[in-house]
Participant: 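The structure is given below, and queries will be raised subsequently.
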2 protein chains.
Amino acid sequence: MILEVYGADTSLEHLVDTIRNAIASRKLVIILGECSVDYIGRSESRLSTGERLIIIKQDGAFLVHRPTGHSPVNWQPETSAIEVKKSDKGIEITAIRRSPREIVRVYLNKIELVVISKLVDSGEFMMYLDEGELRDLLMYKPELIEDGLKIIEKEKKLPVGSIDLFGFDKNGRPVIIEVKRITASKEAVYQLYKYVESYYKNYGVKPRGILVAPGFTKSAIEALERLSLEYKQYSLQKLWNLKKELMNHRFKGRSILDYL
Amino acid sequence: MILEVYGADTSLEHLVDTIRNAIASRKLVIILGECSVDYIGRSESRLSTGERLIIIKQDGAFLVHRPTGHSPVNWQPETSAIEVKKSDKGIEITAIRRSPREIVRVYLNKIELVVISKLVDSGEFMMYLDEGELRDLLMYKPELIEDGLKIIEKEKKLPVGSIDLFGFDKNGRPVIIEVKRITASKEAVYQLYKYVESYYKNYGVKPRGILVAPGFTKSAIEALERLSLEYKQYSLQKLWNLKKELMNHRFKGRSILDYL
DNA sequence: TATTATATCTCGGGT
DNA sequence: ACCCGAGGTATAATA
């Protein structure tokens, strides 16, 4: 790992050069120092002086972090240019984004530490049980929602959007299913309602609408009852177990999950 | 600014102690090193080995950053405990959150740099022209939406949520206004529709619904027409000028904006 | 490029 | 503690 560390004793000129070169050669830059920050773009903001952590990532992502909180106070998700220049008081860094047109400018008046590095990271990131996977698992085992339910399509397109799962119940009545992976709020209910109405308008048959989630807010249940919609709670644990089971059942060397 | 810097030559035992103490005394910890990361909580993820930047903030916020991208690959917005222990290969850091129950565990097998600091940041952050401010400006100058419009209430509560602006047009017909500060999509239309329907049910009078935004997606305009709703485009620049104007008109030493 | 839906969304404000 | 809505949301998928 490349690693250079500069302290408060380094000359500003040298720091400016160092940071410029680091950005040009797509290195990671970490700065600890006192600064104020201006932002102009989709909105406008101004942050007065304080001690902060500034990070310029190897792809130009730009972050200004205060000492607390998960989120950066100012940032630039992707930059078209990052300008570094010496000002009379310290160093000015400007991170520019082309579309939407946005500018973050940091006025550093005290620099305590600059770290330059180059991280090598080819690690694989795997996330389990996102909404799509839940939907696929429920499609594979619709009896978890209701006995006799047959799912015939996922992500069925309607004029107003696409339905998570679509099928027919044991009486042959069409069923529209909306899946959520966290507690469903009334927003989810309106989403489902929208699909049910749209289906009704398009096909002339009133379908059942079922909201499937690990939990429901009170107002969601009220809305469901008011709109004559149904809901079914599922256990994340059960689906997780189902997934593990399916991962062990392989077909032609691939997990069954790949075929859903 | 407190500042301690430790390189790869520091003993693991000493690093463990240093990091533990830093966390206990609510300091900022920055680590550069090679690690893998596990996460279990609202979802589950696994990240295999690679070089990363780990940040533990003064309030316990925990971030693992890869060399690219705005967002951390793993994180904990707030922690109830952070445990640091020496393992056979390196250092293991576990960030625990109580509610929702979540755990992020980092297995560091190479540590290149540890920085401990304490940032002092009492700077004030001001964001201009968020949705609330736009709404207040439109309330002050409703003719920007329509001539003869009178706004009588903001954030009017309805069973299904609260209306941004409520008033009456020049013919005395009630008007429900939904304000967006970015291009409005069909979601915004459904939100407005929900309010219009709810008002109709509650008061027995069909109100007009106007979506006010700097722009509209094609499907938003389709939905508006289908649902007999109206829309009005505003110029962010115009509102920005109005704001600057109001900032200069002061009353009892305070900006007029404070009274809206 | 624009639009849509999701997110371990986060965060703040309300009840 | 839950619920709700806004966000400079970011991000990935899709048309």
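These numbers were taken from a predicted model, which means no experiment stands behind them. Reminder, nothing fancy here: chain letters follow the sequence lines and each chain counts from 1.
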Participant: Could you tell me whether A/Pro77 contacts a base, only the sugar-phosphate backbone, or nothing, with contacts defined as non-hydrogen atoms closer than 4.0 Å?
Facilitator: base
Participant: Only distances under 3.5 Å count here; give the side-chain donor-acceptor pairs of residues 192-199 of chain B to other protein atoms, sequence neighbours excluded, each with its distance to 0.1 Å.
Facilitator:
residue: B/Lys194; atom: NZ; partner: A/Glu187; partner atom: OE2; Å: 3.4
residue: B/Tyr195; atom: OH; partner: B/Ser162; partner atom: O; Å: 3.3

Participant: Hey, are the side chains of A/Ile55 and A/Phe62 touching, using non-hydrogen atoms and a 4.5 Å cut-off?
Facilitator: no
Participant: D/dA6, OP1 or OP2 - any side-chain N/O from A/Arg42 closer than 4.0 Å?
Facilitator: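 A/Arg42 to D/dA6 OP1/OP2: no side-chain N or O under 4.0 Å.
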Participant: Taking only residues two or more places apart in sequence or in another chain, which ones pass side-chain hydrogen bond (donor to acceptor under 3.5 Å, both in side chains) with B/Lys57?
Facilitator: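 Applying side-chain hydrogen bond (donor to acceptor under 3.5 Å, both in side chains) to B/Lys57 gives A/His65.
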Participant: So does B/Ser71 get a side-chain nitrogen or oxygen closer than 4.0 Å to the phosphate oxygens (OP1/OP2) of D/dT11?
Facilitator: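 Result: yes.
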Participant: For the CD1 atom on A/Ile40, are there more than 12 heavy atoms of other groups (residues, nucleotides or ligands in this structure) within a distance under 6.0 Å?
Facilitator: no
Participant: Regarding D/dG8, can its base be found pairing with the side chain of A/Gln76 as donor and acceptor, where the two atoms are less than 3.5 Å apart?
Facilitator: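 Yes, the side chain and the base share a sub-3.5 Å donor-acceptor pair.
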Participant: Quick one: does B/Arg226's side chain get under 4.5 Å of A/Val160's, heavy atoms only?
Facilitator: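 SC-SC contact between B/Arg226 and A/Val160 confirmed.
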Participant: Hey, where on DNA chain C does chain B first and last touch, going 5' to 3'? Cut-off is any atom under 4.0 Å from a heavy atom.
Facilitator: C/dT3 to C/dC11
Participant: Rounded to the nearest angstrom, tell me the gap between atom NZ in A/Lys57 and atom C1' in D/dA10.
Facilitator: 12 Å
Participant: Any side-chain donor-acceptor pair under 3.5 Å between A/Thr79 and A/Arg97?
Facilitator: no
